Structure formats: C-alpha cells, structure tokens
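Encoded as structure tokens, the structure appears first; notes follow it.
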Amino acid sequence: MSRLTLLLFFTCFVQSVVGSTTFRLASYYNDHMVLQMAPERANIWGYANKGAQIEVTLKGKVFSAVATSTSFSADAVWKVTLDPVPPSGPFTITISSLSNGIHEVIELNDVLFGDVWVCSGQSNMAFEVKQAFNGTEELLKSYEYPNVRVFAVQQVESSIPFYDLKAVYQPWSQPTPETLGKDTATFTYFSAVCWFFGRDLYDHLKYPIGLISTNWGGTPVEAWSSPDALAKCKMTIKKYAWNEVNKEGYDFTKHEVGGPSGHSVLWNAMINPLINMTIKGAIWYQGEANTPSPNSYNCTFPAMIDDWREKWYEGTGGLTDKTFPFGFVQLCTSNSVKPGLIGNYPILRWHQTADFGYVPNSRMENVFMAVSIDLPDPASIYDPIHPRYKQEVGYRLSLSAREVVYQESYVTGSGPFPTKFALTNDTLTIAYDNGKANVAVVNNDGFEINCCPTAALCDVWYPSLIVSQKSASLITLKHNCTTGVANQLRYLWREYPCTYKNCSIYSVDNKLPGAPFILPLK
C-alpha cells in the first residue's frame with residue numbers, strides 16, 4: 001500500500017471512516033445480494049464527496065461515474081449502470097472512490113445475477129415463514145436454497161419521500177432459519193409468501209432469485225401509494241392517527257399487526273427508496289384494511305400498480321421495464337367465520353381485478369393473480385384473517401407468474417372462468433374459457449342468479465345449484481327465476497364461501513379454483 005493510497009474495505013454495513021470522506025453504498029447493496037440479470041441492466045449507486053471519481057469493476061470491466069450534488073442528500077451521489085449479465089455468479093464487484101487524494105475501495109462479495117422481486121403488502125404478506133404450517137421444517141429447508149437471497153426492509157413511516165432506506169431488518173443474506181426470522185417478533189421480519197414464491201420460482205427456473213420483503217400489517221393501499229397515484233383517483237393527502245383505519249371495522253391489532261394509515265407514508269419510507277434499483281417485478285398481498293370502505297379499490301389498486309411501474313422506470317433511468325410484472329393474492333377471508341355472511345370481502349376481491357374477475361385484463365396488463373378464497377384457516381392461532389397455508393399461496397403465485405411473466409405456453413396459472421352463458425326458462429349453462437377448460441365440479445353450490453321483475457337490477461338473488469356437467473367445459477345450473485328477469489350471475493359472493501379446497505369449480509389440470517365473479521347474463 002503506497003503512502004498516497006488508502007484502501008478501506010467495507011463489508012455489508014461495516015465501514016472504516018477516514019478523514020472527511022462520505023464514500024458508501026446505498027442501503028440495499030451488500031455482500032450476498034442479487035442484481036437484476038439480462039435483458040435488464042443492473043445499476044449500483046451510493047454516496048461520496050462531490051467530484052469524487054468512482055470506478056466500478058465487474059469481470060475485469062470498469063464502469064465510471066462522478067459524484068454530483070443533489071437536492072435530496074447532503075452528500076453527493078453517484079450511479080453506474082452495468083452491462084446486461086446473464087444469470088450467473090458468484091462475483092466480486094469492486095467499487096473505488098478517489099477524492100481529495102484519498103483512495104477508498106468497497107468490495108461486494110458473493111454477488112449473483114438473477115431475477116429480483118419486491119414483495120409488499122400488509123399482514124398476510126408480513127406473515128413469516130415460522131408462522132406457516134410446518135414452519136420449523138420450512139425454516140430448516142432454507143439451507144437447500146443458497147441461490148435464493150433475502151433482504152428485509154424495516155418498518156418505517158414518513159410524511160416525506162426518502163431517497164434511501166432508513167433501516168433494514170436483514171441485509172442481503174443467504175437463507176437460513178435466522179435470516180428468515182426464526183427468533184424475531186411475528187409479522188415483522190421476512191415474508192412467508194415472498195419466500196415460498198421465490199423458492200418455487202427457483203425450483204423451476206434454476207437460476208438466482210432475489211427477494212426484497214417490505215411490508216407492514218394493518219395498512220391500507222393508500223399508505224403504499226404515492227400522491228400522484230392517489231390523485232388519479234381524486235384523493236387528496238389525508239393524515240390518519242396511527243392505526244386509525246382499523247377502528248372502522250376489523251381488529252388487526254390482536255397479533256401486533258396494526259400499522260400506519262396515513263396517505264403515502266409507507267410509499268415514502270418503504271417503497272420510494274427502492275425505485276433506484278433495477279428489479280424484475282413485484283408481488284402484493286393486501287386489501288383487508290380496505291374492506292371497511294372497499295368501493296374505491298378498483299381505482300386505487302390499479303393506479304398504484306401503474307404508478308409503481310412509472311416511478312421505477314424513471315428512478316432507474318429506464319432500466320426497469322415500464323410495465324414490469326405485478327402479481328397479487330386475491331383475498332381469502334375475514335375474522336368473521338360465518339358461511340352466510342356477504343360482507344365487503346366479495347366487493348374487495350372483485351375490485352382487486354378492476355371488476356373483470358380475472359387478470360391480466362385491459363386495465364391491468366402484465367398482472368398475475370393467486371386466488372386464495374378456498375384456503376381458509378378458521379382455527380389459525382393468528383386469527384382466521386391470517387390463514388397459515390402460505391406454501392399454497394406462494395405456489396399459486398409462482399404458477400401464475402410462469403404463465404404471465406415467463407411466458408410458459410404449457411402452463412395455465414389460473415382456474416376456470418366463465419366466458420359464455422345460455423339461459424332458458426329454468427336452466428343456465430355456463431361455458432368456461434371459451435370451451436377450452438377442463439372443469440372439475442367439487443360441489444354443486446356457490447352460484448346465485450339475480451332475479452328481478454324487470455331488466456333493471458335489483459337485490460334479489462336465488463341460489464342456483466349445478467345439476468349436470470355436459471362436457472369438460474360446460475356446466476348447467478337449475479334456477480328458480482321463472483317469472484322474473486335473470487340479470488346477473490354471481491359466484492362465491494360471501495366472505496367465507498367454502499372450506500379448505502372445497503369450493504365448487506376447479507381445474508382438473510392445475511387444481512386451481514375458479515375465481516369469484518359477478519357477471520351480466522345478457
């Protein structure tokens with residue numbers, strides 16, 4: 001080491017400080033991380049003294065930048081964009097700074113290139129691996145997946161946007177029982193749905209997967225939405241007392257899952273700081289906190305997706321796909337385990353699809369979904385609103401992603417959905433998936449026909465039972481709307497419509513349930 005060169009080695013977040021230098025990486029760059037693979041280009045950014053000469057070396061190639069002043073940081077900021085890298089690794093990436101005669105070096109070790117997924121939402125996304133069925137066994141299995149890497153954002157709220165994360169629960173790490181939250185408080189550390197989704201993707205894709213868990217229980221979609229997204233739905237910024245939303249209907253606080261509800265406060269602190277990092281896509285499990293007032297969700301949820309995509313595209317300078325894939329879990333059930341209760345969950349589930357009943361659709365392009373309505377867990381020690389069947393949810397999300405995101409033509413990631421109706425005086429025949437579905441009829445109930453005196457809609461619904469299955473894709477219902485006008489058909493329109501994997505309509509091929517719907521018959 002020469003007298004003019006001082007080498008400082010930083011690992012994870014341990015730094016040696018020399019002089020007045022401010023050289024460091026942004027909060028989500030450290031050993032063991034996954035950077036987004038080709039065809040996207042990954043970026044690396046951080047802080048340094050103004051004018052510092054930055055060089056990033058990967059596989060012998062040097063990428064250069066100069067640290068410049070910004071309005072959001074007292075320190076100057078630098079950013080480099082790497083070449084596209086296929087799925088591979090591990091690599092060592094060397095980042096050096098030369099400023100005022102001081103030469104500093106940061107080494108990132110054991111870096112992989114693969115697909116990076118952000119996992120966000122409220123308590124069912126915050127629900128941890130150890131809380132799922134067979135959680136202890138699942139934690140031990142984590143050793144089998146050294147190329148699935150995990151990163152957990154700490155729960156922080158803010159009334160103003162942060163450019164970088166203020167705190168993390170877990171920096172990028174190889175998965176172990178400890179890094180997945182074996183000894184931490186529940187509903188805080190690393191998401192079970194996120195882990196099972198990424199693990200199942202890895203089992204199929206066989207290349208590195210990076211998972212970023214950023215969630216907070218008991219929080220509404222408005223907290224995760226930027227002011228721009230809320231403005232699309234004519235919402236102005238509203239500030240709530242902490243956990244105020246939960247006073248409107250449901251108790252999310254029993255198992256320490258209550259969270260802030262102010263507009264944009266989690267977007268500001270837990271999402272906006274991530275938009276400068278190139279990602280593959282995002283998955284989402286949220287909606288319970290919006291069920292007390294569900295009517296706006298068909299605007300706020302699609303608007304949030306659009307805005308996240310736009311902000312990530314801008315934040316990464318076009319490196320993240322402007323229509324990156326976005327997956328979500330359609331809600332299961334509430335704490336009200338009452339089979340006849342309609343409640344607000346059917347409306348919220350419907351609005352999760354922008355009132356189409358399926359995704360992707362013309363309003364929600366490149367969106368995929370896991371239906372969880374048939375996975376209730378009324379005996380859950382975390383309350384029925386938190387079912388423990390998270391392995392199945394992760395699997396369904398990964399299957400849907402394989403069809404929509406990874407374009408696997410031989411995979412169908414959803415259950416049967418009706419595409420045509422044939423109505424007679426006392427029967428209704430339903431064709432699924434344009435006659436291409438292979439429907440398994442498990443029960444004969446769950447359907448209701450809207451029967452009114454005229455073609456005008458009313459709130460009279462008659463149960464209609466399945467009486468026959470004419471072919472693989474055709475079922476026939478018997479209905480009692482013989483003197484009125486049959487206007488609509490709805491399916492599974494209850495908060496708790498069926499027991500575990502015991503709804504009426506499933507796919508023979510992939511075992512996935514048909515999604516709930518409410519559709520016109522004419």
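What you see is a predicted model; the values in this text were computed from it and never measured.
- Considering only residues two or more places apart in sequence or on other chains, Asp115 meets the salt bridge (Lys or Arg N to Asp or Glu O under 4.0 Å) condition with none of them.
- In this structure, Ser226 contributes its side chain and Ala229 its backbone to a donor-acceptor pair below 3.5 Å.
- Using a 4.5 Å cut-off on side-chain heavy atoms (C-beta onward), Met369 and Val329 make no contact.
- Listed for the Lys182 side chain is no donor-acceptor partner under 3.5 Å among the backbone atoms of Thr179.
- Taking the six-membered ring where the residue is Trp, the centroids of Tyr285 and Phe127 are separated by 6.0 Å or more.
- More than 12 heavy-atom neighbours from other residues, nucleotides or ligands sit within 6.0 angstrom of NZ on Lys141.
- With sequence neighbours excluded, no residue satisfies salt bridge (Lys or Arg N to Asp or Glu O under 4.0 Å) with Arg309.
- The backbone N or O of Asp203 sits less than 3.5 Å from a side-chain atom of Lys206, completing a donor-acceptor pair.
- For the side chain to side chain contact (heavy atoms under 4.5 Å, CB included) criterion with Leu489, the lone passing option out of Ile518, Ile430, Asn450 is Ile430.
- Listed by chain and residue number, nothing satisfies the salt bridge (Lys or Arg N to Asp or Glu O under 4.0 Å) test with Asp433 (two or more places apart in sequence, or in another chain).
- How far CG of Leu477 is from OG1 of Thr429: 7.5 Å, rounded to the nearest 0.5 Å.
- The stretch residues 190-201 participates, sequence neighbours left out, in these side-chain hydrogen bond (donor to acceptor under 3.5 Å, both in side chains) pairs: Glu138-Arg199.
- Contacts of Cys332 classified as disulfide bond (SG atoms under 2.5 Å apart), with partners at least two apart in sequence or in another chain: none.
- Going from atom SG of Cys503 over to atom CG of Leu492 covers 4.5 Å, rounded to the nearest 0.5 Å.
- In this structure, Tyr189 OH and Gln154 CD are separated by 9.5 Å, a value rounded to the nearest 0.5 Å.
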**OP:** Evaluate side chain to side chain donor-acceptor pair (under 3.5 Å) for Thr323 paired with Asn366, printing each intermediate quantity in order.
**Re:** CA-CA 7 Å; Thr323 58; Asn366 207 23; 4.5 Å; no

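- Between Pro378 and Val337 the shortest heavy-atom distance is CB-CG1, 3.9 Å.
- The aromatic rings of Tyr389 and Phe133 lie tilted to each other, with the angle between the two planes from 30° to 60°.
- Leu35 is not listed as a side-chain neighbour of Thr278, based on a closest heavy-atom distance of 4.5 Å or more.
- A pairwise comparison of heavy atoms in Asn268 and Ser158 identifies ND2-O, 2.9 Å as the closest pair.
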Subject >> Test log, rule side chain to side chain contact (heavy atoms under 4.5 Å, CB included), inputs Trp224 and Met270 >> reply: CA-CA 8 Å; Trp224 298 97; Met270 298 177 68; 4.0 Å; yes

Subject >> side chain to side chain contact (heavy atoms under 4.5 Å, CB included) assessment of Phe356 paired with Met364 >> reply: CA-CA 9 Å; Phe356 283 80; Met364 303 176 77; over 6 Å; no

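- Side chain of Ser504 to main chain of Asp445: a donor-acceptor pair is present (N/O by atom type, distance under 3.5 Å, no hydrogens or angles).
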Subject >> Candidate pair Trp461 and Asp459, rule side chain to side chain donor-acceptor pair (under 3.5 Å), full reasoning >> reply: CA-CA 6 Å; Trp461 295 88; Asp459 195 27; 3.3 Å; yes

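- A pairwise comparison of heavy atoms in Ser142 and Leu180 identifies CB-CD1, 3.6 Å as the closest pair.
- Considering every non-hydrogen atom in both Val393 and Ala370, the closest pair reads O-CB, 4.1 Å.
- Proximity of a side-chain donor or acceptor of Gln469 to a complementary backbone N or O of Val439 within less than 3.5 Å is detected.
- Looking at Asn510 and Thr412, their side chains never bring a donor and an acceptor atom within 3.5 Å of each other.
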Original post:
Given the rule in the side chain to side chain donor-acceptor pair (under 3.5 Å) test, do Ser334 and Glu495 qualify, once you have shown the distances and angles that lead to the verdict?
Top reply: CA-CA 7 Å; Ser334 71; Glu495 289 209 358; 2.4 Å; yes

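- Taking 4.0 Å as the cut-off between side-chain N and carboxylate O, Asp31 and Arg149 do not count as a salt-bridged pair.
- Judged by distance alone, the side chain of Gln122 and the main-chain N or O of Gly287 form a donor-acceptor pair under 3.5 Å.
- Annotation: Gln174, atom CD; neighbour count of heavy atoms from other residues, nucleotides and ligands within 6.0 Å is above 12.
- Side-chain contact between Pro220 and Ser261 is present, with at least one heavy-atom pair separated by less than 4.5 Å.
- The shortest non-hydrogen separation linking Val34 to Ile209 is CG2-O, 3.8 Å.
- Taking a 6.0 Å sphere around OH of Tyr169, one finds it holds more than 12 heavy atoms contributed by other residues, nucleotides or ligands.
- Under the 30°/60° scheme for interplanar angles, the aromatic rings of Phe151 and Trp172 are found to be tilted.
- Panel note: side chain Ser213, backbone Phe190; no donor-acceptor pair is recorded below 3.5 Å.
- Of the possible polar contacts, one joining the Lys130 side chain to the Thr184 backbone as a donor-acceptor pair under 3.5 Å is found.
- Under the 4.5 Å side-chain criterion, counting only non-hydrogen atoms from C-beta, Leu274 is in contact with Leu165.
- Tyr28 places none of its side-chain heavy atoms less than 4.5 Å from the side chain of Val168.
- Here the side chains of Val221 and Tyr297 are in contact, with some heavy-atom distance below 4.5 Å.
- Residues Trp117 and Val405 have side chains in contact (heavy-atom distance under 4.5 Å, counting atoms from C-beta outward).
- Thr214 and Ser120 get closest at one heavy-atom pair: O-OG, 2.8 Å.
- Aromatic rings from Phe417 and Phe517 are positioned such that their centres are separated by under 6.0 Å.
- Remark: the backbone N or O of Asp509 is not paired with any side-chain donor or acceptor of Asn438 at under 3.5 angstrom.
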**OP:** List the steps, then state whether side chain to side chain contact (heavy atoms under 4.5 Å, CB included) holds for Arg402 with Phe368.
**Re:** CA-CA 10 Å; Arg402 286 171 56 190; Phe368 58 100; over 6 Å; no

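- With sequence neighbours excluded, no residue forms a ring-ring contact (aromatic ring centres under 6.0 Å, His included) with Tyr432.
- Between Leu375 and Arg396 there is a side-chain heavy-atom pair separated by less than 4.5 Å.
- In this structure, Ser264 contributes its side chain and Ser225 its backbone to a donor-acceptor pair below 3.5 Å.
- Between Glu448 and Arg494 there is a salt bridge, since at least one side-chain N of the basic residue sits less than 4.0 Å from a carboxylate O of the acidic one.
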Original post:
Stepwise, does the side chain to side chain contact (heavy atoms under 4.5 Å, CB included) test hold for Val265 with Trp216?
Top reply: CA-CA 11 Å; Val265 295; Trp216 199 331; over 6 Å; no

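- Results of the side chain to side chain donor-acceptor pair (under 3.5 Å) test with Asn124 over Gln286, His386, Lys390 single out Lys390 as the only residue that passes.
- When the shell of 6.0 Å around OH of Tyr395 is examined, it contains 12 or fewer heavy atoms from other residues, nucleotides or ligands.
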